[in-house]
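The basis for the numbers below is simple: all heavy atoms, side chains too, and nothing from hydrogens, waters or symmetry mates. Note that this is a predicted model, so its numbers are computed, not measured.
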Amino acid sequence: MRKVMTRPRPRPTATRTPAGRPPNRRDSRRPTPPSSTPPSPSPTRPTPTATPTRGQAPGTRQTPRTIPAQPPPHPTEVFAERLVLVLSGQRPLHWVARHIANTAFDDLARLAELRPLCAGGHRPTIHRIGHYQPHPEAYEVFARVATGPRLRALAFRLALGPDRRWRCTAVETDPSAT
């Protein structure tokens with residue numbers, strides 16, 4: 001039996017600049033400097049130099065640290081987030097239609113009408129995701145979802161289709177949520 005508990009991974013925040021804009025973004029309303037000549041530093045401002053840190057020689061520069069690339073999220077995490085968004089009413093049902101098998105789509109449509117994860121203005125958050133792999137082409141997934149002060153259960157099954165894409169084949173929530 002291969003039962004696995006996963007913890008949510010922190011989202012990388014180094015892809016954005018501190019101002020919240022994408023890197024190398026230019027304002028379209030302002031003229032751009034001529035591309036043939038690079039802007040020269042002003043003579044009144046000294047150019048910034050790297051200051052040596054503790055244990056570093058005065059003439060050496062410190063190289064900036066790069067954040068290593070994160071592996072892609074597990075399919076169980078992706079589907080759990082998608083199902084929570086649909087069951088809370090934040091996304092429409094057709095947003096996940098191509099990732100859901102026929103019988104599970106009917107169950108999800110019935111559940112989505114009831115909005116089991118929508119609780120008085122509180123956005124649901126996934127606390128824990130775990131899965132069991134009965135065979136290499138299927139996952140049985142369970143998730144604990146907090147909606148305000150309550151903790152709800154969400155369970156679903158993923159199967160690998162002939163096109164090598166994961167599809168949700170069954171969806172259930174705790175009976176008190178419906």
Undergrad: Measuring only between side-chain heavy atoms, which start at C-beta, is Phe79 closer than 4.5 Å to Val141?
TA: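 Contact flag for Phe79/Val141 side chains = no.
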Undergrad: When rounded to the nearest 0.5 angstrom, what is the spacing between CG in Leu117 and CG in Leu154?
TA: 6.5 Å
Undergrad: By side chain to side chain contact (heavy atoms under 4.5 Å, CB included), which residues pair with Asn102, not counting sequence neighbours?
TA: none
Undergrad: Return the minimal non-hydrogen interatomic distance between Glu77 and Ile129, and the atom names on each side.
TA: CA-CD1, 3.9 Å
Undergrad: Hey, what's the ring geometry for Tyr139 with His74, parallel, tilted or perpendicular (30° and 60° as the breaks)?
TA: perpendicular
Undergrad: Identify every side-chain donor-acceptor pair in residues 82-95 under 3.5 Å, counting partners at least two apart or on other chains, and give the distances.
TA:
residue: Arg82; atom: NH1; partner: His99; partner atom: NE2; Å: 3.0
residue: Ser88; atom: OG; partner: Val84; partner atom: O; Å: 2.9
residue: Ser88; atom: OG; partner: Leu85; partner atom: O; Å: 3.3
residue: Ser88; atom: OG; partner: Gln90; partner atom: NE2; Å: 3.4

Undergrad: Please report, to 0.1 Å, the donor-acceptor pairs under 3.5 Å made by any side chain of residues 160-172, with sequence neighbours excluded.
TA:
residue: Asp163; atom: OD1; partner: Arg165; partner atom: N; Å: 3.3
residue: Asp163; atom: OD2; partner: Arg167; partner atom: NH2; Å: 3.1
residue: Arg164; atom: NH1; partner: Glu137; partner atom: OE2; Å: 3.4
residue: Thr169; atom: OG1; partner: Arg157; partner atom: O; Å: 3.4

Undergrad: If you compare all heavy atoms of Pro116 against all heavy atoms of Arg152, which two are closest, and at what distance to 0.1 Å?
TA: O-NH1, 2.7 Å
Undergrad: If you round to the nearest 0.5 Å, how far is OG1 of Thr125 from CG of Leu151?
TA: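 Going from CG on Leu151 over to OG1 on Thr125, the span is 8.5 Å.
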Undergrad: Any side-chain heavy atom of Ile126 within less than 4.5 Å of one from Glu81?
TA: yes
Undergrad: So Val96 and Leu108, do their side chains get closer than 4.5 Å, heavy atoms only?
TA: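 Yes, side chains in contact.
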Undergrad: Between CD1 of Ile100 and CZ of Phe156, what distance do you get to the nearest 0.5 Å?
TA: 9.0 Å
Undergrad: Restricting to non-hydrogen atoms, name the atom on Gln133 and the atom on Ala138 that form the minimum distance, rounded to 0.1 Å.
TA: CG-O, 3.3 Å
Undergrad: As an exercise, state the distance from CD of Glu140 to CG of Leu158, rounded to the nearest 0.5 Å.
TA: 10.0 Å
